[in-house]
Amino acid sequence: MNTKNSEKLYKKGCENLVGAVNSPVRAFASVGGNPLFIDKAKGAYIKDVDGNKYIDMVLSYGPMILGHRNKNVEKAVAQALKKGYSFGASTHAEIKLAKLVCDAFPGMDKVRFVNSGTEAVLSAIRLARAHTNRDKIVKFSGCYHGHMDAMLVAAGSGLATLSLPGSKGVPAQAVENTLIAEYNNLESVKAHFEKNDDIAAVILEPVTGNMGVVEPTQEFIQGIRELTKEKGALLICDEVMTGFRSQFGGAQELIGVQADITCLGKVIGGGFPVGAYGASDEIMSNVAPLGGMYQAGTLSGNPIAMAAGISTLTELQKQNPYDQFNEVAEKVEGMLLTSANKYGVELTVNRFGSMINPFFTNKEVTNFTDAQTSDTDKFAKFFWAMMENGVFLPPSQFEAWFLSTEIKEVELEKLSVAIDKSMGVVGSL
Ligand code: KE4
């Protein structure tokens, strides 16, 4: 595969960018080699600066659910651009997107837009602490909630890929109120509540994407909901990745739980920087300017980003692609398992709606410890073989693959061939 121009840009990028990237996972650290540089994208496809064309299963780590350059989103953005880019004052577009989001989440009366998922989570945690007057937060190993200090302990995603236990630069006191539990292990949560009477909230990915895809058991998720209610703590569902991806609204409705605070991002910005956190009137009344919990942002509710978000969600409402996502994901799962069988490769495939990923292990994967039994060397071989065969995957065993509405029969055919050839490479190791 010719990567001459990417290599050139990589060298140039290293002059003024850290590792030539603006987010660590893009560095391809866990699959080896250097980052590819993208030139452009359209529909289901993305093209790098050497002209290599791929079916895109990264989709900017989720936002591009309608594929790249959806014509209606592009039209809405072009219209908004004609009216100005940023005002530092409220606009009608913010009200429209707020209504679309709140109507999609039972129990969410009000929402506040911010500029990233990290900002949504850090605000939600501050809100939970403000509402309960408590400090401790329970999170789960393998779940990633952005890069705020208090969440950079046993995080999944980039950290799991780089296998760093926490992060340099995070002072001890920043994480002294963060309690870590094991996903799908209700006892590990109960143990924290037995030892601590100042837990403000439990935060989790309602279906994880950052240790790969892992669904909660009903016993686990209902147990947490009951426990937090009983103890006066809040449940924060971090739907930055799952929001609007597996149904219109959140994964929490599909798994049968209602969070007190929901964090959003990615899809609601349609590729532009948007995060959000929302809750009941009672909880959101804590937030300035109504209440004493401060949170602010120069570009929050940016009109261009709002236009992209409104048109993306409106398009999703119109298309209602969720049954199709399940069908396509089932087919991709079948391709992976069939080829793994054919070449004698140990593989477990987890999927939820339009999120799917193979683990190179024969274990069932229900938590981060299970996920870490995966053979990341085999994943790396598979990754590069898929690239050679025209499929761009997230460069990490611990990331979910994302489906867009633009994956049609033609793309499924290509995926089937690529998966079979790539699994053959792994099988021949
Ligand atoms: P951002 O700050 O990257 O917008 O969102 C942080 C975040 C919060 N919560 C969840 C569940 C998330 O998945 C994320 C970000 N996801 C990663 C992919 N695993 C973003 C990719 C990256 O870090 O470059």
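Because only heavy atoms are used, hydrogens play no part in the values below, and waters and symmetry mates are left out as well, while side chains stay in. As the structure lists them, so they are numbered: ligands from 1, and atoms in each ligand from 1.
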### Query
If you count the atoms of ligand 1 from 1 in the order shown, which ones are under 4.0 Å from a heavy atom of Gly146?
6 (C), 7 (C), 8 (C)
### Task
Have a look at Val58, Val121, Thr118 and point out the one with the heavy atom closest to atom 2 (O) of ligand 1.
Thr118
### Task
Check ligand 1 against Val25 and write out every atom of the ligand that is under 4.0 Å from a heavy-atom position of the residue.
22 (C), 24 (O)
### Task
Give yes if a backbone or side-chain nitrogen or oxygen of Tyr61 is under 3.5 Å from a nitrogen or oxygen of ligand 1, and no if not.
no
### Interfacing atoms of ligand 1 (cut-off 4.0 Å, heavy-atom, Ser23)
22 (C), 23 (O), 24 (O)
### Task
Classify the contact between Glu399 and ligand 1 as side chain, backbone, both or neither, using a heavy-atom distance cut-off of under 4.0 Å.
side chain
### Ion pair Glu411/Lys414, N-O distance below 4.0 Å
no
### Query
Counting only heavy atoms, which portion of Lys266 has something under 4.0 Å from ligand 1: side chain, backbone, both, or neither?
side chain
### Task
Enumerate the atoms of ligand 1 whose separation from the nearest heavy atom of Ser116 is less than 4.0 angstrom.
2 (O), 4 (O)
### Query
Quick one: which of Val240, Val274, Leu59, Thr312 gives a side chain to side chain contact (heavy atoms under 4.5 Å, CB included) with Val267?
Thr312
### Message
What I want to find out is whether Asp260 reaches Lys229 closely enough, with some N-O distance under 4.0 Å, to be called a salt bridge.
### Response
no
### Query
Between Asn196 (side chain) and Ile199 (backbone), is there a donor-acceptor pair under 3.5 Å?
no
### Backbone or side-chain N or O of Asn210 under 3.5 Å from ligand 1 N or O
yes
### Query
Under the 3.5 angstrom rule, does the side chain of Thr361 hit a backbone N or O of Thr348 as a donor-acceptor pair?
no
### Message
Would Phe140 and Phe220 count as a ring pair (Phe, Tyr, Trp, His ring centres under 6.0 Å) here? Give the steps.
### Response
CA-CA 12 Å; Phe140 296 91; Phe220 173 68; 5.3 Å; yes
### Query
If hydrogens are left out, which of Pro24, Gly62, Gly117 has an atom nearest to atom 5 (O) of ligand 1, that is, the closest non-hydrogen atom?
Gly117
### Query
Okay, side chain of Gln319, backbone of Leu316: is any donor-acceptor separation there less than 3.5 Å?
no
### Task
Give yes if a backbone or side-chain nitrogen or oxygen of His145 is under 3.5 Å from a nitrogen or oxygen of ligand 1, and no if not.
no
#### Entry: Residues Asp281 and Lys110 bridged, charged N to O under 4.0 Å
yes
